[in-house]
S.K.: 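Dropping a structure here in structure tokens format, bear with me for questions.
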2 protein chains.
Amino acid sequence: MDEVFKALADASRRSLLDRLHAKNGQSLNELCEGLEMTRQAVTKHLVILEEANLVTTIRHRREKLHYLNPVPIHQIGERWIRKFERGKLAALSELKRQLEKRDE
Amino acid sequence: MDEVFKALADASRRSLLDRLHAKNGQSLNELCEGLEMTRQAVTKHLVILEEANLVTTIRHRREKLHYLNPVPIHQIGERWIRKFERGKLAALSELKRQLEKRDE
DNA sequence: ATAATAGGCAACCAAATGGTTGCATGTCAA
DNA sequence: TTGACATGCAACCATTTGGTTGCCTATTAT
């Protein structure tokens, strides 16, 4: 679990997860597009995400495709949120979402 | 949100959250007990947790009492987990919990 | 009044981290 | 086969981070 938190600590890695959340199964070079980092930097980040089991990869031809794995993220909440609190928190964020939506 | 992830990245800080989850509203010195860190190190960690809004404090006499705030933790899951995935993941971890319980 | 308790501030240090450059390897297309 | 494309590996560097020590302030109890 330690690796998961370390992996999520960096903004670049979180934005890589965002990209995969938006479009799953991207190759390294695809994930590099539009970023101001070197490909090698992105590689390093992806390795860290893989080791944390937040990203799974499969090779297809010469490409390595990356997929987001939401399981470890889901487990985070289970550590510090009691069961009876979940409902209230969910209701709270739904309310927040509605209020923000109203201002669009 | 960046501060939340940074704050959660460190194992010492996570164990402080664990302690508050077990017993809410502890003072600095209470939180220091049994740890192999200096009080000043713990102070630094608590400041980081406060800035991330993961811990709220109130002063009572000369003591500063610390409380766990689960809201930012709850928000993490909302970022990368689609609504339709939540049910499955919750079922999965419940299953896992049951299986682990069986081995006790 | 004074000692003990609870906490705060600042300077300093070693280790970890995020990034770069340069080169190597494997695979596909013409 | 040969060049282009997709990825991998390693050395190196600046900055951040977690921790320490030393000293200071505020509040409580005797």
Side-chain angles (χ1 to χ4, degrees), chain A residues 1-20 23-69 72 76 80, chain B residues 1-20 23-69 72 76 80:
Chain A
M1 202 78 252
D2 190 280
E3 292 171 304
V4 175
F5 290 105
K6 292 268 182 191
L8 290 176
D10 183 78
S12 303
R13 287 193 288 270
R14 291 196 300 275
S15 89
L16 285 171
L17 292 182
D18 288 337
R19 283 175 161 237
L20 290 178
K23 184 187 174 190
N24 222 355
Q26 297 186 62
S27 73
L28 171 58
N29 276 302
E30 205 173 349
L31 283 168
C32 287
E33 278 169 27
L35 294 183
E36 303 143 13
M37 261 182 295
T38 342
R39 176 179 56 80
Q40 286 80 352
V42 176
T43 301
K44 281 193 179 183
H45 286 308
L46 288 173
V47 167
I48 290 171
L49 290 169
E50 283 178 61
E51 284 172 351
N53 198 27
L54 283 161
V55 163
T56 311
T57 62
I58 56 167
R59 293 206 75 108
H60 181 256
R61 309 265 178 177
R62 53 177 167 172
E63 291 184 337
K64 190 176 183 184
L65 303 181
H66 300 78
Y67 293 86
L68 174 59
N69 176 21
I76 293 175
W80 294 294
Chain B
M1 203 76 251
D2 189 281
E3 292 171 304
V4 174
F5 290 104
K6 293 267 182 190
L8 290 176
D10 183 78
S12 304
R13 286 193 288 271
R14 291 197 299 274
S15 88
L16 286 171
L17 293 182
D18 287 338
R19 284 174 159 238
L20 290 178
K23 182 186 174 192
N24 222 355
Q26 296 186 64
S27 72
L28 171 59
N29 275 299
E30 206 173 348
L31 284 168
C32 287
E33 278 168 26
L35 295 184
E36 304 142 13
M37 261 182 296
T38 342
R39 177 177 54 81
Q40 286 78 355
V42 177
T43 301
K44 281 193 180 183
H45 285 308
L46 288 172
V47 168
I48 291 171
L49 290 169
E50 282 177 61
E51 285 173 351
N53 198 29
L54 283 161
V55 163
T56 311
T57 63
I58 57 166
R59 293 204 76 108
H60 180 255
R61 309 262 179 179
R62 54 178 166 173
E63 291 184 333
K64 190 176 182 183
L65 304 180
H66 300 76
Y67 294 87
L68 173 60
N69 176 21
I76 293 175
W80 293 294

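No hydrogens, no waters, no symmetry mates; every other heavy atom, side chains included, goes into these values. Just so we're on the same page: letters track the sequence lines, and every chain starts at 1.
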S.K.: Answer yes or no: is there a donor N or O on one side and an acceptor on the other, between the side chain of B/R13 and the main chain of B/L8, under 3.5 Å?
M.R.: no
S.K.: Strictly distance-based, threshold 3.5 Å: is any side-chain N or O of A/T38 a donor or acceptor partner for the main-chain N or O of A/A41?
M.R.: no
S.K.: Side chain of A/T38 only, please: which of D/dG19, D/dG8, C/dT21 is the nearest?
M.R.: C/dT21
S.K.: If you round to the nearest 0.5 Å, how far is CD of A/E3 from CG of A/N53?
M.R.: 9.0 Å
S.K.: Under 4.0 Å between a side-chain N/O of A/K6 and OP1 or OP2 of C/dT17, yes or no?
M.R.: yes
S.K.: Could you tell me whether B/E30 contacts a base, only the sugar-phosphate backbone, or nothing, with contacts defined as non-hydrogen atoms closer than 4.0 Å?
M.R.: nothing
S.K.: Separation of A/E51 atom CD from C/dG18 atom P, in whole Å?
M.R.: 12 Å
S.K.: Whether the side chain of B/H66 engages the backbone of B/Q26 through a donor-acceptor N/O pair (distance < 3.5 Å, no angle test) should be reported.
M.R.: yes
S.K.: For DNA chain C, whose closest nucleotide is more 5', that of A/R62 or that of A/A9?
M.R.: A/A9
S.K.: Measure CG/A/L35 against P/C/dT20 and give the value in whole Å, please.
M.R.: 11 Å
S.K.: Measure from the side chain of A/M37, starting at C-beta and using heavy atoms only, and say which of C/dG19, D/dG19, D/dG18 lies closest.
M.R.: C/dG19
S.K.: May I have the distance from B/L65 (atom CG) to D/dT27 (atom C1'), rounded to whole angstrom?
M.R.: 15 Å
S.K.: Is the backbone of B/L31 close enough, under 3.5 Å, to the side chain of B/R19 for a donor and an acceptor to pair up by distance?
M.R.: yes
S.K.: Please give, in whole Å, the distance from C/dT17 P to A/L8 CG?
M.R.: 14 Å
S.K.: Taking any heavy-atom pair under 4.0 Å as a contact, classify A/R61: base, sugar-phosphate, or nothing.
M.R.: sugar-phosphate
S.K.: Tell me whether the side-chain N/O atoms of B/N29 come closer than 4.0 Å to OP1 or OP2 in C/dG7.
M.R.: yes
S.K.: What integer distance in Å separates B/D10:CG from D/dT17:C1'?
M.R.: 9 Å
S.K.: Let me know the distance between CD1 of A/I58 and P of D/dA6, rounded to the nearest Å.
M.R.: 17 Å
S.K.: Does OP1 or OP2 of D/dG8 have a side-chain N or O of A/R59 closer than 4.0 Å?
M.R.: yes
S.K.: Would you indicate which nucleotide in C/dG19, D/dT7, C/dG7 comes nearest to any side-chain atom of A/S12?
M.R.: C/dG19
S.K.: Considering only side-chain heavy atoms of A/Q40, which listed nucleotide, D/dT21, C/dG22, D/dT7, is closest?
M.R.: C/dG22
S.K.: Return the value, rounded to whole Å, for the distance between atom NZ of A/K44 and atom P of C/dT21.
M.R.: 12 Å
S.K.: Which nucleotide wins on minimum distance to the side chain of B/R39, given the candidates C/dT20, C/dG7, C/dG18?
M.R.: C/dG7
S.K.: Among A/T56, A/N69, A/T57, which residue satisfies the side chain to side chain contact (heavy atoms under 4.5 Å, CB included) criterion with A/E50?
M.R.: A/T57
S.K.: For A/F5 and C/dT17, what is the distance between atoms CZ and P respectively, to the nearest whole Å?
M.R.: 16 Å
S.K.: Nearest to the side chain of A/E63, which nucleotide is it out of C/dG8, D/dG18, D/dT7?
M.R.: D/dT7
S.K.: Tell me whether the side-chain N/O atoms of A/K64 come closer than 4.0 Å to OP1 or OP2 in D/dG8.
M.R.: yes
